[in-house]
Protein chains: 2
Amino acid sequence: MKHTYLYPRAALTVDCVVFGFDEQELRVLLIERGLEPFKGHWALPGGFVRLDETLDEAAFRELKEETGLEKVFLEQLYTFSTVDRDPRERVISVAYYALTKLADHRTRAATDAADAQWFRISQIPALAFDHADIFSKALERLRGKLTYQPIGFELLPAKFTLSQLQRLYEAVLGTALDKRNFRKKVLSYDLLIPLNEQLREGPHRPAQLFRFNPVRYERLKKKGFLFEL
Amino acid sequence: MKHTYLYPRAALTVDCVVFGFDEQELRVLLIERGLEPFKGHWALPGGFVRLDETLDEAAFRELKEETGLEKVFLEQLYTFSTVDRDPRERVISVAYYALTKLADHRTRAATDAADAQWFRISQIPALAFDHADIFSKALERLRGKLTYQPIGFELLPAKFTLSQLQRLYEAVLGTALDKRNFRKKVLSYDLLIPLNEQLREGPHRPAQLFRFNPVRYERLKKKGFLFEL
DNA sequence: TTGACTTCGTGTCGTTTTAACACGATTTTT
DNA sequence: AAAAATCGTGTTAAAACGACACGAAGTCAA
């Protein structure tokens, strides 16, 4: 592909903040850089955008190449442009955030050559480039979004209990929620389908399993409806 | 400036959706393109990003160059990357939206050489590139944001009446609001300072003027407070 | 088999917030 | 002085919210 260079051009990357949930705490997927700059540092998965793909395509591609993840919830976050954010040259980064079920990925990361690891968000190491800024913007966005759009389900397995959902909300928002009020509210939206199945996993009463109802969600969205809490 | 072209590079533009309010309807500032491609079409103000400036800087610069506007409220919106969105070559556009007081600009636009005009949002002409997409994303964002952050003041003169504020909300949200409830709500946030001044402008009772209290707003923001409605 | 332990699942009530609703006050114009 | 326009204000019924406690269902060990 030949170009006439009429305008200034910059290298473009996408970087993805991938969130997972381990039933206790929110986690982020980081990769260890194998090349300079920042060789040996942890960084967000990402890479250069090709000239024949959109940013969304680039984000999905990089995510798959570097972490093996596919079909995750992925959304554009913000574009970072500090002039010297990359020591090599001018690089603009379009950041994305992704939500995925942690369990899916555990084995995959272990067998993958690239060193990818889930870090608790309370224990994130020093990050390459301005990735710490990107991460904190992503967390802020996730917190904001969780309270008015039912995206929490993306972080849970297909079948989950109300307690798991509540723990997720508590972990992300960093606050304790009242059990009865939480259930009342969540069920009132009619977005959960109770299954003929229970989760038994300890010396106690088993819990009802539910699954998310995406059809109902789409219908509500069209009516301009906004989920809350 | 010499580069070693290790990575694919793309030209980068910023495009700004500038909103104003004429006491009746929301408006957008468009410029008529003097050059190909899309010569003679209306487009969002914007232009190429230089290698030594951030995106925010580029947006402010272009806004000033093309429309004379300065010191407006400006926020990054979304980055658009459809591969063929520019017929010349690959161009990524980082979109911004801006809010400004319409009155400020009226005279300026008239004397400026470049043809810039305010269009009612219900009467926008065909736009160049994918600017119609950018515009509709900006409007969506403005609507969403208005209900939980007090940014409406950016669109009004420094001194305004509660009726003006209400008309603004009604115009942006596209719904009628109850006068008494609106006043009760707005005043309860304690973000407005009543002035010793009234607006008299017709054969009817004059209206109390207020101004926005930015100090109070900053204090509330720090407490994690969110404005509503 | 019984008791200890753990999480699950549920309802009430007082308080706060919301939504609906109408009319006298003030000013200008004729 | 009457007409016309917008300004500014309070009540009430309904809905939503937040606080709060205990029996049910299962496992395990003595």
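Every value quoted in this text rests on a predicted model; they were computed, and no experiment measured them. Proteins come first, then strands; the chains are lettered A, B, ... in the order of their sequence lines, and each starts at number 1.
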- Task: Pick out which of A:Gln208, A:Lys159, A:Gln164 makes a side-chain contact (heavy atoms from CB on, under 4.5 Å) with A:Leu199.
- Result: A:Gln164

- Message: Suppose we call two aromatic rings close when their centres sit under 6.0 Å apart. Are B:Phe153 and B:Phe160 close by that rule?
- Response: yes

- Out of D:dA5, C:dG11, D:dG10, which has the shortest distance to the side chain of B:His204? D:dA5

- Toward the 5' end of DNA chain C, by each residue's nearest nucleotide, B:Gln198 or A:Gln198: A:Gln198

- Check the distance between C:dA19's C1' and B:Leu177's CG and give it to me in whole angstrom. 12 Å

- Rounded distance in Å - CZ (A:Arg180) to C1' (D:dG23): 12 Å

- Map A:Asn181 and B:Leu162 onto DNA chain D by nearest heavy atom, then report which one ends up closer to the 5' terminus. B:Leu162

- Out of D:dG8, C:dC8, C:dT28, which nucleotide sits closest to the side chain of B:Pro203? C:dT28

- Within this structure, what is the CG-to-P distance between A:Leu199 and D:dT27, rounded to whole angstrom? 12 Å

- Measure from the side chain of B:Lys185, starting at C-beta and using heavy atoms only, and say which of C:dT18, C:dC21, D:dG18 lies closest. C:dT18

- Note on the structure: Of C:dA19, D:dG26, C:dT27, the nucleotide closest to the side chain of B:Lys184 is C:dA19

- Message: Of the options D:dG26, C:dC21, C:dT28, whose atoms approach the side-chain atoms of B:Arg200 most closely?
- Response: C:dT28

- Report yes if at least one side-chain N or O of A:Ser163 is closer than 4.0 Å to OP1 or OP2 of C:dT7; otherwise report no. no

- Note on the structure: Which of C:dG9, D:dC7, C:dT27 is nearest the side chain of A:Arg205? It is C:dG9

- Query: In whole Å, what is the span from the CG atom of A:Leu209 to the P atom of C:dC8?
  - Reply: 11 Å

- Message: Under 4.0 Å from OP1 or OP2 of D:dG8: is there any side-chain N or O of B:Arg183 that close?
- Response: yes

- Query: Within this structure, what is the CD-to-C1' distance between A:Gln208 and C:dT7, rounded to whole angstrom?
  - Reply: 15 Å

- B:Phe160 atom CZ is separated from D:dC7 atom P, nearest whole Å, by 14 Å

- Message: Around atom CZ of B:Arg143, are there more than 12 heavy atoms from other residues, nucleotides or ligands closer than 6.0 Å?
- Response: yes

- Query: Once you round it to whole Å, what is the distance between C1' of C:dG9 and CZ of A:Phe210?
  - Reply: 10 Å

- Test of ring centre spacing under 6.0 Å for A:Phe19 and A:Phe21: no

- Message: Tell me which one of B:Phe135, B:Trp42, B:Phe80, B:Phe38 satisfies ring-ring contact (aromatic ring centres under 6.0 Å, His included) with B:Phe129.
- Response: B:Phe38

- Query: Roughly, in whole Å, what's the span from CD in A:Glu170 to C1' in C:dT7?
  - Reply: 14 Å

